[in-house]
Structure formats: structure tokens, C-alpha cells
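Quick caveat: nothing in here was measured; it's all calculated off a predicted structure.
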Amino acid sequence: MTKKENIEFGMTLTLVLLVISWWFGKQLVGVSILCLLICLLFPGLYTPFTKIWFSLAKGLERLMSKVILFLIFFLVITPVAGIRRLFGKDSLHLRDFAKHSRSAWIERTHSYAKDDLDKQF
């Protein structure tokens, strides 16, 4: 772990202890000041705790990305698909493709002129 990561961990620990002491009372202010002094004077003492903290963060990163994608899929995409199916929407024309055994490609018989390509957007 680098010195900067140890300092960041020490600052985070100090902030957490200050918030806890503000929330529950003033008994942890001295401990948070001690953690801040250790952070500023001897940041190498936080190396084992920093390793644990960053490994926990990497594990949570892997887990939470999957949980968030799961929730988005089942809370947003699945209900929208169900509502579209309920109302008979078929934007991809899958029913037409299933009826005919030909390609789903739509042929366009428009012949392009120079003016079509002049201002495309």
C-alpha cells in the first residue's frame, strides 16, 4: 500500500469516528484526534488495515455491480417488457418474421440524391 492510500484510510477512519461521536455523544472525539495524528505522523501504521479495507472494497465492487444490474433488469426492464407484450407492441417485428421464413431485413427502394447526404443531422 502506498503512503497516500494509508493517509486516505486514516482520514476516512477519523471522519467515521467523528460522525459516530457526533451521533452518539462526545466520547470518541479523543480517539478520532488520535487517529488523525497517527494518520499525519505515522501513516505506515495503517498498512494492514488499508489492505483489508481495499480488499473489502474490491469485493463489494464485484458484488454490488451484479446486484445493481439484477435489480435494474427485474425492476425496470422486465415490467416494461411485460406491459409492451400486454399491449401487443412488437417493435422488432418478430411476429412478422415468424410468419414468413424470409429475412427480417426491410428493403428500401429509395434512390438517394446528393441533397439527401448534404445535411444528415
Side-chain angles (χ1 to χ4, degrees):
M1 295 278 108
T2 64
K3 182 179 178 180
K4 181 182 177 192
E5 290 172 338
N6 289 335
I7 291 173
E8 287 175 359
F9 173 75
M11 294 289 189
T12 304
L13 180 64
T14 303
L15 181 65
V16 167
L17 288 174
L18 283 173
V19 168
I20 290 172
S21 71
W22 175 73
W23 189 266
F24 293 112
K26 307 242 184 224
Q27 61 268 28
L28 292 177
V29 175
V31 176
S32 62
I33 291 172
L34 179 65
C35 287
L36 180 63
L37 287 174
I38 292 172
C39 171
L40 295 175
L41 298 175
F42 308 109
L45 294 176
Y46 285 126
T47 301
F49 303 110
T50 306
K51 286 182 182 178
I52 294 170
W53 182 259
F54 276 96
S55 64
L56 177 68
K58 285 181 183 178
L60 284 175
E61 172 188 354
R62 289 183 185 144
L63 176 70
M64 290 310 294
S65 63
K66 290 173 179 54
V67 168
I68 290 171
L69 288 173
F70 175 82
L71 289 175
I72 288 173
F73 184 80
F74 282 105
L75 295 177
V76 176
I77 295 174
T78 304
V80 169
I83 291 170
R84 288 182 61 84
R85 181 175 285 181
L86 184 68
F87 288 116
K89 299 288 184 180
D90 187 21
S91 300
L92 296 176
H93 305 289
L94 295 176
R95 285 189 217 114
D96 295 338
F97 182 67
K99 289 178 188 174
H100 311 291
S101 61
R102 57 181 193 192
S103 173
W105 184 266
I106 299 172
E107 283 191 40
R108 305 212 188 267
T109 56
H110 177 73
S111 54
Y112 292 97
K114 182 182 176 184
D115 296 336
D116 291 335
L117 302 174
D118 194 22
K119 294 181 179 178
Q120 295 178 17
F121 301 103

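Considering only heavy atoms from C-beta on, Phe49 stays 4.5 Å or farther from Trp53 through its side chain. Between Leu36 and Met11 there is a side-chain heavy-atom pair separated by less than 4.5 Å. For the pair Leu13 and Tyr46, the minimum side-chain heavy-atom distance is below 4.5 Å.
Ile20 and Leu15 are assigned to two separate hydrophobic clusters, defined by single-linkage of ILVMFWY side chains at heavy-atom distances under 4.5 Å. In the hydrophobic clustering of this structure, Ile77 groups with Leu71; members are Ile, Leu, Val, Met, Phe, Trp, Tyr whose side-chain heavy atoms approach within less than 4.5 Å, directly or through other members. Hydrophobic clustering (ILVMFWY, side-chain heavy atoms < 4.5 Å, transitive): Val19 and Leu34 are in distinct clusters. Side-chain heavy atoms closer than 4.5 Å link hydrophobic residues (I, L, V, M, F, W, Y) into clusters, and following such links, even through other members, never connects Val29 to Val16.
A side-chain donor-acceptor contact under 3.5 Å links Thr78 to the backbone of Phe73.
Between the CG atom of Leu37 and the OG1 atom of Thr14 there is a distance of 9.0 Å, given to the nearest 0.5 Å.
Applying the side chain to side chain donor-acceptor pair (under 3.5 Å) test to Thr50 and every residue at least two apart in sequence or in another chain returns Asn6. By the side chain to side chain donor-acceptor pair (under 3.5 Å) test, Ser55 is found to be paired with no residue, residues two or more places apart in sequence or in another chain being considered. Residues passing the side chain to side chain donor-acceptor pair (under 3.5 Å) test with Asp118, sequence neighbours excluded: none.
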